[in-house]
Protein chains: 2
Amino acid sequence: MTDTRDRLLDAATDVLLRDGAQALTLDAVARQAQVSKGGLLYHFPSKQALVAGMVDRLVGHFDAALTAAGETPGAATRVYLQASVEPRNTATGAAADRATAALFAASIVDPDALRPLREVYQAWQRRLENDGIDPAVATAVRLAVDGWWLSRLVDLAPPAPGLHERVYVLLTNLIDGS
Amino acid sequence: MTDTRDRLLDAATDVLLRDGAQALTLDAVARQAQVSKGGLLYHFPSKQALVAGMVDRLVGHFDAALTAAGETPGAATRVYLQASVEPRNTATGAAADRATAALFAASIVDPDALRPLREVYQAWQRRLENDGIDPAVATAVRLAVDGWWLSRLVDLAPPAPGLHERVYVLLTNLIDGS
DNA sequence: CGGAGTGTACCGGCCAGACGGTACAGTAGC
DNA sequence: GCTACTGTACCGTCTGGCCGGTACACTCCG
């Protein structure tokens, strides 16, 4: 069963988001996943392998979203916006948080683990630059989205609900009107 | 001399930006600052105190910038944009990198150390929302800027030089035209 | 004037504990 | 008998933090 594998990956992000990066230890992850430490090391022979696994999963999601985006102008930019930021402030955005967690974990434990992510991200950026709309608009929207989930992750003054929607509309209009 | 204190703070950000979060140890910081470990611990009795010091300094800069911004419409938003992102892609943006480093260090070592920063940031966000321009525009610009320095810090597909300027112009126009 | 004492800034060795990782014997299910 | 674990004992290293010193400037008192 790859079930346990996924549970371990989930557990790692849970620990990271709940207790902070400092607390991301093999013991803590194993405990969270209700797996023995031996079991964890059976699936991920090292901590690096664990965070590499987190990044891999993230890369997979990215790739899927990238290919799933349509061909109409602004399609990719819109997908990127919607994937990270719901129109309404549902405050969950679980997928985006998971992404950030993986990013975070990697940059702490093993910056090299980010390499595959960098490549997919670069591909995504290229896709945005050729999205049938002004590349500057697409890039600005992307950066805003990145800033958005960062602000939520670190809880640095994320836009209040009312403003949240207005910013979302603004970005959407930006995409449409270019 | 508070000279040594500042040198230690600088050393901490240097180590973090150069060698990654993993390498941010008391020994490494002391070595970088050419101070003994005892000397470090004289100024900062714990690692938490060290990152708290980093955040404090950042908060100070924020406060200064906040009061220094003028009163004309969009002044604060423009300051925020210019502080983090040079019009040309000078690739340095040292101040912004320093900010990120402090943020990073805090979220790893002691998430609670971010509290004072959260408050200043919230104040800054309020200031942006009352900047004489559409609050949604101000917020969107802010988020884009946040995303910008994040992309540079983690090296996740930061906009290429040519695009960099176009995005900068786009954001500036957004501020002016609202 | 001189000696004693006080506070600041810093040195550097050391230790306890945490953490990553190994090893290995055992087991439940297919 | 193989996969997918469990459970535990253990090791070496790294790291945060403590502590006993030292150098030195300054001050207070007789």
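FYI, side chains are in, hydrogens and waters are out, and symmetry mates aren't considered; it's all heavy atoms of this structure. Residue numbering restarts at 1 for every chain, and letters A, B, ... go by the order of the sequence lines.
- Rounded to whole Å, the distance from CG on L8(A) to P on dA4(D) is 13 Å.
- Across the protein-nucleic acid pair, L26(B) atom CG and dG12(C) atom P stand 16 Å apart, rounded to whole Å.
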- Passes side chain to side chain donor-acceptor pair (under 3.5 Å), T139(B) versus E129(B)? Steps please. CA-CA 7 Å; T139(B) 303; E129(B) 288 175 21; 4.8 Å; no

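- Near DNA chain D, defined here as any heavy-atom distance below 4.0 Å, the residues from residues 27-40 of chain B are K37(B), listed numerically.
- Taking only side-chain nitrogens and oxygens, H43(B) never comes nearer than 4.0 Å to OP1 or OP2 of dA9(C).
- Close to dC10(C), at under 4.0 Å from its OP1 or OP2, lies no side-chain N or O of Y42(B).
- Separating the CD atom of Q48(A) from the P atom of dG21(C) is a distance of 7 Å, rounded to the nearest angstrom.
- Within the 3.5 Å criterion, the main-chain N or O of D155(B) finds a donor-acceptor partner in the side chain of R118(A).
- Residue L41(B) is in base contact, counting any heavy-atom pair closer than 4.0 Å across all strands shown.
- Distance, F44(A) CZ to dA4(D) P: 13 Å, rounded to whole Å.
- R78(A) places no side-chain N or O within 3.5 Å of a backbone atom of D176(A) that could act as its donor or acceptor partner.
- Ring pair F62(B)/W124(B) is perpendicular by interplanar angle, where above 60° counts as perpendicular and below 30° as parallel.
- Taking atom CZ on R5(B) and atom P on dC10(C), their separation rounds to 12 Å, with Å as the unit.
- Look at NZ on K47(B): it is 8 Å from P on dG17(D), rounded to the nearest Å.
- By the 4.5 Å heavy-atom criterion applied to side chains, Y42(A) and V35(A) are not counted as neighbours.
- In this structure the side chain of F104(A) never reaches within 4.5 angstrom of the side chain of M54(A), judged on heavy atoms.
- Contact check, T4(B) against dC10(C): a side-chain N or O comes under 4.0 Å of OP1 or OP2.
- Remark: side-chain polar atoms of D131(B) are paired, donor with acceptor, to backbone N or O of T77(B) under 3.5 angstrom.
- Computed from coordinates, the I108(A) CD1 to dG20(C) C1' distance equals 16 Å when rounded to whole Å.
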